[in-house]
Novice: 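Let me give you the structure first, and then I'll get to my questions.
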Amino acid sequence: LVVSVAVPLAALDTVATPPGQTLRVAVFNTGARNEDIRAIAAAIRFADPDVAVLLESEDVAVRVDRRLPDLSRLATPVDGAVTSPPIVLAGRDWPVAVAPLAGGGPATVVTVDVGGHPLDIVAIHPLPPVTQAWARSHDQTISALTGDVLPRARPYVLACDCNSAPWSPSMRRLLDVGLHQPTVFATFGAPVVGIPIDHILLGRGVVAVSRELGPFAGSDHRLIVTEVALRAGDDVAPAARGGRDAAPTAP
């Protein structure tokens, strides 16, 4: 267990960054039938994120939110459990936009501040390609994401249960638009025989300060958290230029 987690973690690049210049982002697919609210909230609290992306969490989000006094659910349009955008809890009332994706549920885009500069957190959850219909939906979602939402001129990260292992064709398409550092340790299933499908992928100008693996907390996925920073010298100007790079307005 120790080797299966510690060795892959050591393989991921991280950089030293002064305090106050970072942002902690967590992703947790809590599981569609996971009613262990206490365990879910405890896992998120222990991860201490500034932003937490929750997936398959429509039925538990309100109850989890009540147990997290330092985080609040950001308001996003909701259109039923299947087509709802990913849920985001945050320590501040960051502006949120929802980007429709052909073939699947929409993406949630949260614009946060890191050291005085904007950073977009794009959250998605494509279907796993386990049937022909779901594989078609998965492919359409990745195509819409890479073609219509990414890349972005503003620095960004992609936070997801991507249902894509690092060696999969869909991950290659995500890396081809400039994302990097996919998860390499098991996030779905047991650590020894599981696969890495939950990711916090970094866009241009974004670096990882630390990466941590959380518990299952009643789910079949592990929580993951990455502390990110903006790389000095890259174009991180705060001015928006319209289109996909314009800062969304709060609902």
Side-chain angles (χ1 to χ4, degrees), residues 5 8-9 12 14 17 19 21-32 34 36-58 60-74 76 84-94 96 107-114 119-125 155-164 179 181-188 191 194 196-203 206-230:
V5 173
L9 277 173
L12 292 168
T14 58
T17 303
Q21 301 295 313
T22 67
L23 186 91
R24 289 178 65 82
V25 182
V27 172
F28 191 20
N29 183 331
T30 61
N34 182 6
D36 196 342
I37 308 302
R38 180 177 297 180
I40 295 171
I44 297 170
R45 191 181 304 111
F46 184 78
D48 192 26
D50 298 294
V51 176
V53 173
L54 304 185
L55 305 167
E56 296 188 18
S57 307
E58 290 84 3
V60 300
V62 173
R63 287 176 286 166
V64 170
D65 187 17
R66 289 172 183 160
R67 290 177 174 267
L68 299 170
D70 294 332
L71 299 175
S72 297
R73 181 175 178 175
L74 300 183
T76 54
S84 296
I87 292 168
V88 178
L89 308 180
R92 291 178 56 183
D93 189 19
W94 305 111
V96 181
T108 298
V109 183
V110 182
T111 301
V112 303
D113 179 276
V114 181
L119 170 74
D120 285 346
I121 300 173
V122 181
I124 65 163
H125 185 201
Y156 69 96
V157 302
L158 179 65
C160 60
D161 169 0
C162 288
N163 279 305
S164 304
L179 289 161
Q181 291 210 22
T183 303
V184 296
F185 47 83
T187 63
F188 175 75
I197 60 174
D198 302 274
H199 304 278
I200 298 173
L201 293 158
L202 312 181
V206 184
V207 294
V209 177
S210 66
R211 290 177 179 264
E212 301 162 31
L213 180 65
F216 286 106
S219 176
D220 49 4
H221 291 255
R222 284 182 178 270
L223 178 149
I224 62 172
V225 59
T226 300
E227 188 173 6
V228 302
L230 299 179

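From a predicted model like this one, the values you see are computed outputs, not experimental measurements. Quick note: numbers below take in every heavy atom, side chains included, and nothing from hydrogens, waters or symmetry partners. Residue numbers run from 1 in the order of the sequence given.
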Novice: Output the distance between atom CZ (Arg222) and atom CZ (Phe188), rounded to the nearest 0.5 Å.
Specialist: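 These two atoms lie 13.0 Å from each other.
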Novice: Quick one: does Leu119's side chain get under 4.5 Å of Leu230's, heavy atoms only?
Specialist: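 Leu119 reaches Leu230 side chain to side chain.
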Novice: Pick one: which of Asp161, Asn29, Asp198 meets side chain to side chain donor-acceptor pair (under 3.5 Å) with Thr187?
Specialist: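 Only one option passes, and that is Asp198.
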Novice: Does His199 use its side chain to pair, donor to acceptor, with the backbone of Thr183 at less than 3.5 Å?
Specialist: yes
Novice: Are Val88 and Thr76 packed together at the side-chain level, in the sense that at least one heavy-atom pair is separated by less than 4.5 angstrom?
Specialist: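 The answer is no; the side chains never approach within 4.5 Å.
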Novice: Between Arg24 and Val225 (side chain of the first, backbone of the second, donor and acceptor by atom type, cut-off under 3.5 Å), is there such a pair?
Specialist: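 Checking the backbone N and O of Val225 against the side chain of Arg24, no donor-acceptor pair under 3.5 Å is found.
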Novice: At their closest point, which heavy atom of Val25 faces which heavy atom of Ile200, and how far apart are they?
Specialist: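 That would be O-CD1, 3.1 Å.
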Novice: Can you tell if the side chain of Arg211 reaches within under 4.5 Å of the side chain of Ile224, non-hydrogen atoms only?
Specialist: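 No, too far: nothing below the 4.5 Å cut-off.
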Novice: Has the side chain of Ser219 got a donor or acceptor atom that lies under 3.5 Å from a matching backbone atom of His221?
Specialist: yes
Novice: Would the number of heavy atoms belonging to other residues, nucleotides or ligands and lying under 6.0 Å from CZ of Arg63 be above 12?
Specialist: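 Enclosed.
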Novice: Mind listing the closest non-hydrogen atom pair of Gly91 and Leu71 along with its distance?
Specialist: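 It is N-CD2, 3.5 Å.
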Novice: To the nearest 0.5 Å, what is the distance between CD1 on Ile124 and SG on Cys162?
Specialist: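 Separation between the atoms: 4.5 Å.
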Novice: Can you give me the closest heavy-atom contact between Phe185 and Pro196, atom names plus distance?
Specialist: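 Taking Phe185 first and Pro196 second, the nearest heavy atoms are O-CB, 3.1 Å.
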Novice: At their closest point, which heavy atom of Val53 faces which heavy atom of Pro86, and how far apart are they?
Specialist: CG1-CB, 4.2 Å
Novice: Could you state the interatomic distance from CG (Asp50) to CH2 (Trp94), rounded to the nearest 0.5 Å?
Specialist: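 The distance works out to 8.0 Å.
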Novice: Of the non-hydrogen atoms in Val228 and Val157, which two are nearest, and what is the gap between them?
Specialist: CG1-CG1, 4.5 Å
Novice: Is there a side-chain contact between Arg92 and Val51 in this structure, where contact means two heavy atoms from C-beta onward sitting under 4.5 Å apart?
Specialist: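 No, every pair of side-chain atoms sits at 4.5 Å or beyond.
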Novice: Would the distance check show the side chain of Arg67 and the main-chain N or O of Ile40 forming a donor-acceptor pair, the cut-off being under 3.5 Å?
Specialist: no
Novice: Any non-hydrogen side-chain atom of Leu74 less than 4.5 Å from a side-chain atom of Asp93?
Specialist: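 Result yes, sub-4.5 Å side-chain heavy-atom pair found.
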Novice: Using a 4.5 Å cut-off on heavy atoms from C-beta on, say whether the side chain of Ile44 contacts that of Pro49.
Specialist: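 Heavy-atom side-chain distance check passes, below 4.5 Å.
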Novice: Do Thr30 and Leu55 have side chains that get closer than 4.5 Å, going by heavy atoms?
Specialist: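 Side chain of Thr30 against side chain of Leu55, heavy atoms only: no contact under 4.5 Å found.
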Novice: Side-chain contact, heavy-atom cut-off 4.5 Å: Val112 with Leu23?
Specialist: yes
Novice: Which pair of non-hydrogen atoms, one from Ala186 and one from Gly194, has the smallest distance, and what is that distance?
Specialist: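 Smallest heavy-atom distance, with atoms named: CB-C, 3.6 Å.
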